[in-house]
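Quick notes on the structure that follows.
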Amino acid sequence: MLQAYDPLTRAERAGLALRGMYERYGYRKYRMGQFEEYSLYMDNKNFLSSENVIVFTDLDGRLMALKPDVTLSIVRHAAKQPAAAEKLYYTETIYRPSTESHTFKEISQMGIEYIGMIDRCAMSEILLLAARSLEAFGPAWLLEISDMRFAVGMLDALGLRDGLRARALTALGQKNRPALTAAAAEAGLSDADADALAALAGLYGPWEETMARAKALCRSEEMTDALGELQALRGAVCEEHAARIQLDFSLAGHTDYYNGMLLRGYLEGLPRAVLTGGRYDNILKKFGKRGGGIGFALDLSEIGRLPETRGGADIDLLVRYTKDADPAAVVGAVSQAADTGLRARALSQEEDAFGLHWERQLLVTGQGVQEGGLQGE
Amino acid sequence: MNDLLNIALPKGRLGDKVYNLLESIGYDCREIREDGRKLVFENPATGVRYLLVKPSDVAIYVEHGAADVGIVGKDILEESSPDLYELLDLGIGRCRMAVAARSDYREDTSRTLRVATKFENIAKRYYASLNRDIEIIRLNGSIELAPLLGLSDVIVDIVESGTTIRENHLKVLVEFMPISARFIANKSSFKFKNEIITQMTEKLNGVIKV
């Protein structure tokens, strides 16, 4: 018995479920314009992962850009609102250069932004929604949390500045202990300080155990504050999520963009992080808005690569018909199948079915309808 | 292909050293040495699958998740800056990235320097750090020919023993980047296959001589 065809992919189904979830948690849909004025990105290029933006002159002479980022647009919108807190979600297309293909890439993104007074309740909610968003795509997911202030606090405490600091942050993102040790040697750090810096690369794993190791490495009030804030969120993690939420202090995103909690989410079978986010108070400050911002985005283009469970056939029912077949019987057979949720199409027997894959076949002749074999090409 | 740990290994010169290293931590590589044409070798006893690929492609396999981990030269990582974890310096396949020129070469700083290389990004970064204006001539092999034929003033290439350089009547002007093989991991695989990757990292760390 053939099953009714569901035209939605896994990613599309989960995307719809997430829209419902975000709405139920009080997030409003925010639909932004297709283009932004280029000046938005020129003025804020240190917040972008790349300065390369697709630019064009609009018919009224304004220099416009295809959005490389959604958060900047949302913050600019929110900055003009008198309301204290804005809770928004979006599904948008952004355009960024791909480091692999050296061409621009269209990325479909879905995400939420919480803008206003960010307290531990708001952060807990974002953490919970990030976990539940990943969960919507399947059982094998992992969410990593960090706080920028921990790694950055360590670099400050060790006196790593400028080029050396940038190199240490890059090495940290690669969990590259040898490079961290080399940076420590170049900075003339003591053995104990060099060990502490290298230890950051291995500071990841289950919450309690990693938190204990992180506490032993604290060297400043900033680092202690970061751990205190993260620990306050632990209670928001339910038991069933606990094994899938880990701490990773080698996560040290874009230092201009993020300033506190960081999130990275992974789905098994996909090679890159599909969820990225964190706290971005700096952007709010730049737009003259009080308070802070926190949110995350899901890369739906990447998630779209998840394997589908549906079979490889193009159609469920192929209705082949002879020259003398009654057209009403042919259309009737197709309609009957389509009405039960199957994908059906008619094809004259005079035509070649080359390249077409189907599950079941009917043959309509002048004498009537008969079963005509299963699966074929 | 998800049950086994997929390891991308380089074919060619670095290969033998890598197989020795893996065998020293209990990962059998005999079959790889015996069969010259196969590209995929499975070893269910140790839970691994080896993928034999061109050295410059190892990082691509790992970054895209086709391989969970891999062994690759630092030159490739520096050139392509892939987004992955660089877990260990294995200390094998040591060589240097160097600038070389004809043995009678003297630099004319009033002119743009013509640099022939396979390593375009590394060369650009190096000369940018010196504030030197250059013109890159991208070649895919036999780089040593370029200065001899006047195609370029200098070359930026890997130097191991220096024999090729000397035999082609060139001299090394400066060595600016030490290179060795690195153990790399895909960021997502590192999370989902953490136990087996961590075990492998620790075993490798126990035998490497840096």
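Lettering of chains follows the sequences in order, A, B, ..., and the numbering in each one begins at 1.
- In this structure, OH on B:Y85 lies 10.5 Å from CD on A:Q174, to the nearest 0.5 angstrom.
- In summary, A:D248 and B:K191 engage in a salt bridge, as defined by a charged side-chain N under 4.0 Å from a carboxylate O.
- Within the 4.5 angstrom heavy-atom criterion, no atom of B:S81 approaches chain A.
- Neither the backbone nor the side chain of A:Q246 comes within contact range of chain B, judged by heavy atoms closer than 4.5 Å.
- Interatomic distance, A:R177 CZ to B:E86 CD, rounded to the nearest 0.5 Å: 13.5 Å.
- For B:L84, the part lying near chain A is the backbone, with the side chain staying farther off; criterion is any non-hydrogen pair under 4.5 Å.
- The CD1 atom of B:I184 sits 11.5 Å away from atom CG of A:N176, with the distance rounded to the nearest 0.5 Å.
- Here the straight-line distance linking atom CG of A:L270 with atom CZ of B:F192 works out to 8.5 Å at 0.5 Å rounding.
- When every heavy atom of B:K187 is checked against every heavy atom of A:Y266, the shortest pair comes out as CB-OH, 4.0 Å.
- Annotation for B:K54: atom NZ does not count as buried by contact number, only 12 or fewer foreign heavy atoms lying within 6.0 Å.
- Atom OG of B:S188 sits about 10.0 Å away from atom CZ of A:R272, to the nearest 0.5 Å.
- The local environment of CZ in B:R13 is sparse, with at most 12 non-hydrogen atoms from other residues, nucleotides or ligands closer than 6.0 Å.
- Contacts between B:N194 and chain A at a heavy-atom distance below 4.5 Å involve the side chain alone, from C-beta outward.
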